[in-house]
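When a residue number appears, it is its place in the shown sequence, counting from 1. Computed from a prediction, not measured in an experiment: that's the story for all the values here.
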Amino acid sequence: MLAFLGGGDYNTRVMKIKNEKFPNPKEIEKELGEFLTKKFGGSVKLATPIAMAQMESSDTVETPVQRTEAIDFTLKPEELIAYLDQYLIKQDTAKAVLATKICTHFNRIRYRQSLDVEIGDMVGSIKNNILMLGPTGVGKTYMVRLIAHKIGVPFVKGDATKFSETGYVGGDVEDLVRDLVREADGDIERAQYGIIYIDEIDKIASSHNLVGADVSRTGVQRALLKPMEETEVDLKVPHDPISMLQEIERFRKTGERDGSCINTKNILFIMSGAFSGLEEIIEKRLTSKTIGFGAPLKNADEKTRILSQVKSEDLVQYGFETEFVGRLPVRAVFDRLAEADLYTILKNPNNPIILGKKLDFAAYGIDIKFQDKALEMMACSAFNENTGARGLVSAVEGALLEFEKRLPSTPIKRFAVTAELLNDPRQWMEKLESAPNDPQHESRFEGIKQCEIEAIADHIRSSKHLLTDKFGLPFTEDRIKLAAGYYSSHSVDIEGTLSRLADLYRQTKTIEMEFLKNNGLNIILEDETIDFIIGQWLEHPVDVDAVYRQLSSDLLLGLKLVHEKAGLNRFFITRQAIDNPEAFIAQLLQTKDIDT
C-alpha cells in the first residue's frame, strides 16, 4: 500500500494512513458502482446479495462450543472382549483383533497426552486402521457400533458406494470427517478422536475392463488416502448449503471468516465388506505354490479358513490400490453363522430383534413370550435365506405378522409364541379369538415365562463378576432373581434392567447416610433388607424419602432407646426389622452380647 502513496517522506506517509478514515463497505460499494458506470455505462452493475458486516456492529458473536477435556481411556482388550461377548456370539478371532487394536489405539493417545514433554510423531508412523472381511449378516457393523458405544467416542457410518472422488458429482469422502463434528455436537477436539466406519468397501475395487476415469471406485480410494493417514479437513465446504449459510451469517455478524478444520491423525478408520470372490484369488495363490490344483471350496468353514490367509497382494489383485491397502494394516476375518448360531442370537437376552418385537406388542398392552422351539423354527427359516443374522428380522416379522395385526383388537394381553402356533398361525388365531381366556393358553404362557426367568438368572450368574464390576452392584441370589423377574415383566434389555437395579441399590444405601446425618445413629442395611426394599420398589414405585420416613417412623425411637440403655451406636437392620420392628427392638434390648 505504501508504494502507491506518492511523494513525501516515510513518516509523513505513515501519519497520513493513521489519520485517514477507512471507508466502510457501503462507501466501497458506492465507489465500485461509480467506476463500473464510467467504464461500461449502464450495462454492468454491482450486485450485493448480502449486507456486509461493519466493524462497529453491535451484533453479538455466537458463543463458541465448549471443548471437552483430553480423552480419558483406560479400557483393556480383555475387558472390551468380555463386553462384546455379552452381545455377540462366535467371532472370537474378530473380537480379539478389534478389541486389541482399538484399545491400543486409544490408550496410545491417552499415554501421549499424559506426557509432560511433547514428543514428535515418529517418521512413518501408521495408524491401526482396520479392514473387516466376512459375509453379510455376521455382525461386522454391530460390533463396531458396540465398541464405539462402550468407548464413548463419536461414531459415523458411511456406505462406500455413495461416495465419489472430490470434485465430481456425488458425496465427498471428507463429509464423513465433518459428520464426526456434528456427532460431537460441534466439539472439534472430541471429534478428532472419533471412529469412521465405511461399509461395502469391496464395492469400490476397480474394474479392470473400465475405460476412462473411475471416480466411484479407484477415485474414492485415492480420496480416502489422506484422511486415513493424516490431513486437515475444512469444516466449511461449497457443496454443503447448511455450512455455507452458517458461514455467511457468521461473516455478516463479525466480518471474519471461519477457518475451522479438523485433523484426522487420531481418527480411526474401519472398513468392511463381503469380498465375494476373494477366496478364489487366495486359493489360486496358495495352490500355485504346490503341485497340482486345489479342490473347489465346498463349505462355509473352508471359505473362512481360506479368507483368513488373505495378504495385501490378494487385495491388490482384487482391485485395490497398493497405497490404499497399505493404510489398512489390521485385518479381521468374520466367520459365517450356522443355524445353531442364529438360534443362539435369538436366545441372547440382549438381542435387539426379540426385544424389538416385545416392544411392538407392548405398544398394544400385550406381553409376549417365546418358546425355545419357536425360536429354533425362526432361526431355521432365517438360515434358509442365506443372509446371516439379517434374515432373523424377516423370519420373526413373517412369523408374527398375522398376530400383530389381529391381537390388538382382542382382549388378549398375554401371548405365548409356540412351535404349534407357528405351524398353523391362522388356526391358532381363530382359537385365540374364540377363547381369549383359555386356561391352557394361560398355563403355556406362565410356563414359558418361568423358563425365561430361569434363563436370565443363569445368564447373570455366568457373568456375575463382570457385571458386579460394571454396575458396582453385589449380586446376591435374591438380587439375581429380582433382576430376572424385572427383565421378564418389562420390555427392556439386560443393560437397562441392571442399571435400574443398581440405581435402586444406590438410593437404598443413601438411607444409611441420612440416618447417621440426621439422628447420629449408624445403621447398616443387610443384603436381604436391601433386596426386600428393592423388590417393593419394583412392584410399587416410591421415592427414597418415603422409605426413609417409614424406617424412621418404625425404628428411630426404639434404636434411640437401645442406644441409651446399651450404649450401642451401630445397628444391623435385618429383614425382621422391616416386617416386625417391635420384635426387632425387643430382641436388641434383651441381647447383651451385641456386636459393637
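Counted by atom type alone, E232 and N263 present one or more donor-acceptor pairs between their side chains at under 3.5 Å. For the 3.5 Å distance criterion, the side chains of T136 and R390 qualify, holding a donor opposite an acceptor.
Contacts classified as salt bridge (charged side-chain N to carboxylate O under 4.0 Å, His left out) and involving residues 129-140 (residues at least two apart or in different chains) are not found. Residue pairs that meet the side-chain hydrogen bond (donor to acceptor under 3.5 Å, both in side chains) test with at least one member in residues 146-158, sequence neighbours left out, do not exist here. Sorted by first and then second residue, the ring pair (Phe, Tyr, Trp, His ring centres under 6.0 Å) pairs involving residues 371-403 (not counting sequence neighbours) are F403-F415.
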(request) Test side-chain contact (heavy atoms from CB on, under 4.5 Å) on F334 and K90 and set out the steps. (result) CA-CA 9 Å; F334 283 67; K90 219 170 179 178; over 6 Å; no
Intermediate values then yes/no, side-chain contact (heavy atoms from CB on, under 4.5 Å), V325 and L131
CA-CA 9 Å; V325 174; L131 177 64; over 6 Å; no
Apply the test side-chain contact (heavy atoms from CB on, under 4.5 Å) to residues C261 and D234: give CA-CA distance (whole Å), side-chain angles for both, the deciding distance (0.1 Å), then the verdict.
CA-CA 4 Å; C261 59; D234 290 331; 3.8 Å; yes
Decide side-chain contact (heavy atoms from CB on, under 4.5 Å) for T100 and H105; before the verdict, give the C-alpha distance in whole Å, the side-chain angles of both, and the deciding distance to 0.1 Å.
CA-CA 9 Å; T100 301; H105 173 80; over 6 Å; no
Between E376 and K373, does a salt bridge (Lys or Arg N to Asp or Glu O under 4.0 Å) hold up when you go through it step by step? CA-CA 5 Å; E376 289 176 359; K373 288 186 178 180; over 6 Å; no
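Between D179 and I196, the closest side-chain pair of non-hydrogen atoms is not below 4.5 Å. Side-chain contact between V97 and V333 is absent, with no heavy atoms from C-beta onward closer than 4.5 Å. Counting only heavy atoms from C-beta outward, the side chains of M271 and I130 never approach each other to under 4.5 Å. Inter-residue side-chain proximity for V181 and L235 is flagged as met; some heavy-atom pair is nearer than 4.5 Å. Counting heavy atoms from C-beta outward, I147 and L98 have side chains that approach closer than 4.5 Å. Using a 4.5 Å heavy-atom cutoff, the side chains of L88 and K95 are in contact. Between V220 and L224, some side-chain heavy-atom pair lies under the 4.5 Å cut-off. No side-chain heavy atom of E229 sits less than 4.5 Å from a side-chain heavy atom of K127.
Applying the side-chain contact (heavy atoms from CB on, under 4.5 Å) test to A382 and every residue at least two apart in sequence or in another chain returns L342, L392, A395. Partners of E495 by salt bridge (charged side-chain N to carboxylate O under 4.0 Å, His left out), not counting sequence neighbours, listed by chain and number: K470. Shown here are the side-chain contact (heavy atoms from CB on, under 4.5 Å) partners of E452, two or more places apart in sequence or in another chain: K358, K369, I456, Y487, S488. Residues passing the side-chain contact (heavy atoms from CB on, under 4.5 Å) test with A338 are D341, sequence neighbours excluded. Judged as a side-chain hydrogen bond (donor to acceptor under 3.5 Å, both in side chains), and not counting sequence neighbours, the contacts of E404 are K357. Every side-chain hydrogen bond (donor to acceptor under 3.5 Å, both in side chains) that D372 has, sequence neighbours left out, goes to K347. Remark: S312 engages R331 in a side-chain hydrogen bond (donor to acceptor under 3.5 Å, both in side chains) (not counting sequence neighbours). For N350, the side-chain contact (heavy atoms from CB on, under 4.5 Å) test picks out Q86, Y87, N348, H459, D493, I494, with sequence neighbours left out. Remark: R145 pairs with no residue by the side-chain hydrogen bond (donor to acceptor under 3.5 Å, both in side chains) rule, at least two apart or across chains.
Of the possible donor and acceptor atoms, one in the side chain of T387 sits under 3.5 Å from a partner among the backbone N and O of G391. In this structure, E454 contributes its side chain and C451 its backbone to no donor-acceptor pair below 3.5 Å. Checking side-chain atoms of Y193 against main-chain N and O of P154 turns up no donor-acceptor pair under 3.5 Å. Side-chain atoms of R327 come within 3.5 Å of backbone atoms of L225 as a donor-acceptor pair (strictly under, hydrogens ignored). For H490 (side chain) and T497 (main-chain N/O), no donor-acceptor pair under 3.5 Å exists by modelled atom type. Within the 3.5 Å criterion, the main-chain N or O of K226 finds no donor-acceptor partner in the side chain of T231. Checked by atom type and distance alone, the side chain of R110 never pairs as donor or acceptor with a backbone atom of F106 at under 3.5 Å. In this structure, the side chain of E321 does not engage the main chain of Q221 through any donor-acceptor pair within 3.5 Å. A distance-only check finds no donor-acceptor pair linking the side chain of D199 to the backbone of D159 [under 3.5 Å].
Residue L146 holds its CG atom at 11.0 Å from CD1 of I151, rounded to the nearest 0.5 Å. The structure places CG of L328 at 8.5 Å from CG of L315, a figure rounded to the nearest 0.5 Å. Summarising the geometry, atom CG belonging to L268 is positioned 10.0 Å from atom CE belonging to M228; distances are rounded to the nearest 0.5 Å.
Contact record, F275 with I201: CZ-CG2, 3.7 Å, taken as the closest heavy-atom pair. Closest approach of R108 to N128, counting heavy atoms only: NH2-ND2, 4.3 Å. Closest approach of F155 and A148 over heavy atoms only: CB-CB, 3.6 Å. Listed here is the closest heavy atom pair of A483 and I460: CB-CD1, 3.7 Å. Shown here for A419 and A374, the closest heavy-atom pair between the two residues is N-CB, 4.0 Å. Minimum interatomic distance between F475 and K464 (heavy atoms only, all atoms of both residues): O-CD, 3.5 Å.
For E78, the CD atom is loosely surrounded, since the number of other residues' heavy atoms within 6.0 Å does not exceed 12. Heavy-atom neighbours of N386 CG from other residues, nucleotides or ligands within 6.0 Å: at or below the threshold of 12. Within 6.0 Å of atom OH in Y142, more than 12 heavy atoms from other residues, nucleotides or ligands are found, so the atom counts as buried in its surroundings.
Here K203 pairs with E200 in a salt bridge; the nearest charged N to carboxylate O distance falls below 4.0 Å. For D314 and K311, the salt-bridge test fails: no basic side-chain N is under 4.0 Å from an acidic carboxylate O. Salt bridge R178/E174: present, at least one basic N to carboxylate O contact under 4.0 Å.
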